[in-house]
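Everything numeric in this text was worked out from a predicted model, so none of it was measured.
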Amino acid sequence: QVQLVESGGGLVQAGGSLRLSCAASGHTFSSYAMGWFRQAPGKEREFVAAISWSGGSTYDADSVKGRFTISRDNAKNTVYLQMNSLKSEDTAVYYCAARIFGSGLRYDYNYDYWGQGTQVTVSS
């Protein structure tokens, strides 16, 4: 079993920055890929970014490319999402997720474990 706890969400003005963290426990963190997804009110959950188990490969949604950066620290069992140049349309609950084995990191149905989410609100 893997437990994931997100933190770092909050209220920020458009153009500002936030860094989300996701702390993992219960399994060998370095053995699985991690992803960030988000869900805005009335919308489906969507892919934001993902990172391979080693950190050597990262993937971004087009909507956040050049603004958001995913990274991980396997020594701290933590994955991060640095969000810059935030826009009102980035407002959502952000979830981190863990995928034990395999590819398809852009698809939420491939992930094995999920955190509870952290709210990000961007005011315009």
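With rounding to the nearest 0.5 Å, the separation of CZ in R99 from CE in M34 is 13.0 Å. To the nearest 0.5 angstrom, N77 atom CG is 10.5 Å from C22 atom SG. To the nearest 0.5 Å, the span separating OG1 on T118 from CH2 on W36 amounts to 7.5 Å.
Legend: residues meeting side-chain hydrogen bond (donor to acceptor under 3.5 Å, both in side chains) with Q119, ordered by chain and number and at least two apart, are T121. Residues that satisfy the side chain to side chain contact (heavy atoms under 4.5 Å, CB included) test with A24, not counting sequence neighbours, are L4, F29, Y32. Residues satisfying the ring-ring contact (aromatic ring centres under 6.0 Å, His included) test with Y80, not counting sequence neighbours, are none. With sequence neighbours excluded, the residues forming a side-chain hydrogen bond (donor to acceptor under 3.5 Å, both in side chains) with S17 are N84, listed by chain and number. Legend: residues meeting ring-ring contact (aromatic ring centres under 6.0 Å, His included) with F68, ordered by chain and number and at least two apart, are absent. R72 meets the side-chain hydrogen bond (donor to acceptor under 3.5 Å, both in side chains) test with N74; sequence neighbours excluded. Judged as a side-chain hydrogen bond (donor to acceptor under 3.5 Å, both in side chains), and not counting sequence neighbours, R19 has no contacts.
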After noting the C-alpha distance and the side-chain angles of Y111 and F37, does the key distance pass the ring-ring contact (aromatic ring centres under 6.0 Å, His included) rule? CA-CA 11 Å; Y111 285 80; F37 290 80; 5.2 Å; yes

TODO: Could you go through the side chain to side chain contact (heavy atoms under 4.5 Å, CB included) check for M83 and L20 one step at a time?
DONE: CA-CA 8 Å; M83 306 186 295; L20 304 184; 3.8 Å; yes

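Atom CD of Q116 has 12 or fewer neighbouring heavy atoms from other residues, nucleotides or ligands inside a 6.0 Å radius. Dense packing is recorded around NZ of K65, with more than 12 heavy atoms of other residues, nucleotides or ligands lying under 6.0 Å away.
Side-chain contacts under 4.5 Å among hydrophobic residues (ILVMFWY), followed directly or transitively, place Y109 together with Y107. Think of L11 as one node in a network of Ile, Leu, Val, Met, Phe, Trp and Tyr side chains linked at under 4.5 Å; it has no links at all.
Placement of Y113 and I70 within a single hydrophobic cluster is found when ILVMFWY residues are connected by side-chain heavy-atom separations under 4.5 Å, directly or transitively. Taking hydrophobic clusters as Ile, Leu, Val, Met, Phe, Trp and Tyr residues chained together by side-chain heavy-atom distances below 4.5 Å, W114 does not share a cluster with L81. Following chains of ILVMFWY side-chain contacts shorter than 4.5 Å, one can reach V79 starting from L18, so the two form part of one hydrophobic cluster.
Each disulfide (SG to SG under 2.5 Å) pair with one or both residues in residues 43-91, not counting sequence neighbours, would appear here, but there are none. Listed by first then second residue, pairs satisfying salt bridge (Lys or Arg N to Asp or Glu O under 4.0 Å) with a partner in residues 107-124 read R45-D108, not counting sequence neighbours.
When every heavy atom of A14 is checked against every heavy atom of S124, the shortest pair comes out as CB-CA, 4.2 Å. Between D60 and F47, the shortest heavy-atom contact is C-CE2, 3.7 Å. Between V120 and G9, the shortest heavy-atom contact is CG2-CA, 4.1 Å.
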Output a table of donor-acceptor pairs, distance under 3.5 Å, between side-chain atoms of residues 86-97 and any protein atom two or more places apart or on a different chain; print 'none' if there are none.
unit_1	atom_1	unit_2	atom_2	d
D90	OD1	R38	NH1	2.9
D90	OD1	R67	NH2	3.0
D90	OD2	R67	NH1	2.7
D90	OD2	R67	NH2	3.4
D90	OD2	K87	N	2.8
T91	OG1	S88	O	3.0
T91	OG1	V122	N	2.9
T91	OG1	V122	O	3.4
Y94	OH	R38	NH1	2.9
Y94	OH	D90	O	2.6

